[in-house]
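Note sheet for the following structure.
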Protein chains: 2
Amino acid sequence: MKLDSTPDDVVPALLGGGGAGTTMPAPPLRGRVTMQQVAAEAGVSISTVSKVINGRYGVSADTVDHVTRVIDRLGYEASLIARSLRNRRTNVVGVLVMDFEPFSTEVLKGVADAIHGTGYELIAYSAGGHVEAREGWERRSLTRLMATLVDGAVLVTPTVTDVQADGPVVAVDPQAGPSALPAVAAHNLQGARLGVEHLLELGHTRIGMITGRSDLMSAQQREQGYREAMAAAGLDVDEALMPSGGFEPDLSQVAARELLSRADRPTAVFAANDLSALATLEVARELGIEVPGQLSVVGFDNIPESVLAEPPLTTVQQPIRRMGQEATEMLLALIAGEDVHDLDRTLDTSLVLRSSTAPPPS
Amino acid sequence: MKLDSTPDDVVPALLGGGGAGTTMPAPPLRGRVTMQQVAAEAGVSISTVSKVINGRYGVSADTVDHVTRVIDRLGYEASLIARSLRNRRTNVVGVLVMDFEPFSTEVLKGVADAIHGTGYELIAYSAGGHVEAREGWERRSLTRLMATLVDGAVLVTPTVTDVQADGPVVAVDPQAGPSALPAVAAHNLQGARLGVEHLLELGHTRIGMITGRSDLMSAQQREQGYREAMAAAGLDVDEALMPSGGFEPDLSQVAARELLSRADRPTAVFAANDLSALATLEVARELGIEVPGQLSVVGFDNIPESVLAEPPLTTVQQPIRRMGQEATEMLLALIAGEDVHDLDRTLDTSLVLRSSTAPPPS
DNA sequence: CTGAAAGCGCTAACAA
DNA sequence: TTGTTAGCGCTTTCAG
């Protein structure tokens, strides 16, 4: 479809050093303008053009001037790719994500915040959310981009952290044990306590939990927070009241239905994430259970949809954007070769009070 | 997860060529694993490795098998960059944005939606929101990535559309006249009419507008929609009631203050975007004007913040994500060489009713 | 001060 | 079936 009409069979016209007689019309060519073409057009060698572009010493002012003019006229811009291949430094940082969804794009905004004014460029890469690629996408993406395209990378929600790249890598919300990577995470445990304590203060004592994907650290920590809060209140946890929703809507619906259909159903539910909480809301409606009148629900994440829920969801908010910012600051410091003291940061979460919680029915 | 305990690390048989004593134990090397290393480790030539990787014919099953194993063991992954430089086709599409903010990230999600299952990978690129780079960032970004890294690109909110790239490019929400580029935009005019008509139906007759950045097409169209709706209702527009807020908070505050301080202040304000509407809400609060009791406000965009406003903002919603999807569908078709019939699409907007509008005070 | 030449990691003719 | 060779666009010694 793309014809390659690069006229490289045109012998570059000889030009004197004075460069006065450059009367070539040379309209902006079709397609990509290469350094080759600039050189030919300016009547100098490729390396001279390169020097001019990179401001290297050893080029006469006249030449610089002339070449610069030609570059402007042709609208030449160096290819990031070709340059990356040759150089070690690229001045680009990468954000690697499994897919572009609410969480990762929010992180992305934070990264963008932090990158402003640093002179770095930003590339976000996703392998397209391939299902088969789920396992080890972080490793693949990293090897694909790192050391050639980017100087460092922020890995969003990686499930494996033993990656080895030859540049700095910082993980945001890592999901595999105590990571070997510098990381920024939300304080899941504290957040969960916050959510459950809110329920406790309201007077609830029979509180169920829809747990998350047990293989993820965040899910485990949230469950742990739930247990701790209950224990601190001197309450026993009833394992029967803790079905798993796997962090996703369908499973959560099943879990919620199970929980809310019980004769001794809880008066409040703490969900491992907003998606699960939303599913709970739906099931409650289905079952004719009023929220928050007969049932209180607390979520986790504060995704945009949670505001729009009916009723608006009370939830634990993660400072997602902030996480992106901190990760980037760490990354830039690491790239700069500074030694960063705190390589594993945990950011506090906060409770967002909306309308899905109330005191238990009397 | 998967430890390789396969003892196939048998030292490759004899190596011809100048291969000196090639009894390297070669544990997974530090840093990037290159094809070179795989070849050496497998005792074959680089091109053979390349053939194996790309599934080219002409390699014995045994060799394929052996090389594959070595690749796995070494964790080799082809460099996107090097490959891009060589090939014309990369199987990557790019999204070029000025910066990662709410609008562009929403578009990004749409693009990601559309890219799922197509086998394409996705790269989003931002020059880092450089202020000095504002002018012509689209041209620069395009030449930097296009034809080397990506097969085609989606340009988000470009201010210049006469870009020339040697691959397909689709613009989303282009801001410069009838674009020369295939484009997807929201129906700004219709949206504005929708917003103003809502106010009209409520009974307002004295409706002011905070206009947008006059150099942007979207702003002009929204203003045009306002005028048309007013005209259709048989109402004259008072030019004094149309200060510019430039699409941004600070200027909008000034504009709103001007508007609301008038003795004959309007009973309703249509703002060119949500940022301006939010600013208006703030000024109203400052001035002790009740919304929606004494003043109705309608915005445009439906950014996330608009739900959280006090009161929640009634606004015109753009199908941003959908725009990203359509643009991507177009782009993929273009890349595939299909001829796309409708190269300039306009998507309808819709009114989101919330609590910032009410009938005018009597 | 300028240009020729050697690659960066990879693919694709073309030879062997 | 395999290896050799020539680049993709660029930077960088190192001679002229």
Side-chain angles (χ1 to χ4, degrees), chain A residues 2 4 6 8 12 14-19 31-40 42-67 71 76-91 143-149 166, chain B residues 12-13 15-19 31-40 42-67 71 76-91 143-149 166:
Chain A
K2 201 94 296 172
D4 194 341
T6 359
D8 52 4
L14 251 285
L15 291 184
R32 170 161 252 317
V33 181
T34 138
M35 204 154 112
Q36 174 79 258
Q37 298 174 30
V38 174
V44 296
S45 77
I46 290 188
S47 50
T48 298
V49 177
S50 173
K51 283 171 193 155
V52 170
I53 288 173
N54 297 290
R56 296 278 176 276
Y57 291 108
V59 187
S60 77
D62 277 0
T63 309
V64 171
D65 207 61
H66 177 218
V67 171
I71 288 176
Y76 169 81
E77 192 77 21
S79 160
L80 225 199
I81 297 333
R83 182 177 291 193
S84 301
L85 192 53
R86 200 74 208 348
N87 289 351
R88 197 130 195 86
R89 229 2 223 291
T90 62
N91 256 10
T143 39
R144 272 172 86 73
L145 298 199
M146 204 70 164
T148 30
L149 222 204
D166 50 0
Chain B
L15 284 191
R32 169 161 253 318
V33 181
T34 138
M35 205 154 111
Q36 174 79 258
Q37 298 174 30
V38 173
V44 297
S45 79
I46 289 190
S47 53
T48 299
V49 176
S50 173
K51 283 173 194 155
V52 170
I53 287 173
N54 297 291
R56 296 278 177 277
Y57 291 108
V59 187
S60 76
D62 278 0
T63 310
V64 170
D65 208 60
H66 178 219
V67 171
I71 287 176
Y76 169 80
E77 191 77 20
S79 159
L80 226 197
I81 298 333
R83 183 178 291 197
S84 300
L85 190 53
R86 199 67 195 27
N87 289 350
R88 198 121 197 95
R89 218 22 210 288
T90 62
N91 257 10
T143 40
R144 269 172 89 72
L145 298 198
M146 205 66 165
T148 29
L149 222 204
D166 51 0

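Just so it is clear: chains get the letters A, B, ... in the order the sequence lines come, proteins before strands, and each one is counted from 1.
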Residues two or more places apart in sequence or in another chain: which of them pass side-chain hydrogen bond (donor to acceptor under 3.5 Å, both in side chains) with [X]?
X	answer
B:Asn54	B:Ser50
A:Asp65	A:Arg69
A:Ser79	none
A:Ser45	A:Ser47, A:Thr48

Exercise. Atom CZ of B:Arg144 and atom P of D:dG9: how far apart are they, to the nearest Å?
Worked result: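 That distance rounds to 16 Å.
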
For this session: Send over the distance from B:Leu149 CG to D:dC10 P, rounded to a whole Å.
Result: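 My rounded result for the distance is 14 Å.
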
Exercise. In Å and rounded to the nearest 0.5 Å, what is the OH to CD1 distance from B:Tyr76 to B:Ile53?
Worked result: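 Output value for this atom pair is 4.0 Å.
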
For this session: Give, for atom OG of A:Ser84 and atom CG of A:Leu149, the distance between the pair rounded to the nearest 0.5 Å.
Result: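 A:Ser84 OG to A:Leu149 CG: 4.5 Å, rounded to 0.5 Å.
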
Problem set entry | Sequence-aligned protein contact record of nucleotides 6-15 of chain C, with B where the base is within under 4.0 Å of a protein heavy atom and S where only the sugar-phosphate is | BBBBBBB---

Problem set entry | side-chain contact (heavy atoms from CB on, under 4.5 Å) partners for A:Ile46, two or more places apart |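 Applying side-chain contact (heavy atoms from CB on, under 4.5 Å) to A:Ile46 gives A:Met35, A:Gln36, A:Ala39.
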
Problem set entry | Minimum-distance nucleotide (side-chain atoms of A:Val44 versus D:dT2, C:dG3, C:dT2) |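 Taking heavy atoms from C-beta onward, the closest nucleotide is C:dG3.
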
Exercise. Quick one: salt bridge (charged side-chain N to carboxylate O under 4.0 Å, His left out) partners of A:Arg144, sequence neighbours excluded?
Worked result: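 A:Arg144 satisfies salt bridge (charged side-chain N to carboxylate O under 4.0 Å, His left out) with B:Glu121 once adjacent residues are dropped.
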
Exercise. The helix from C:dC1-D:dG16 to C:dA16-D:dT1: angle between its terminal axes, five pairs each, to 10°?
Worked result: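 For the helix from C:dC1-D:dG16 to C:dA16-D:dT1, the axes at either end differ by 50°.
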
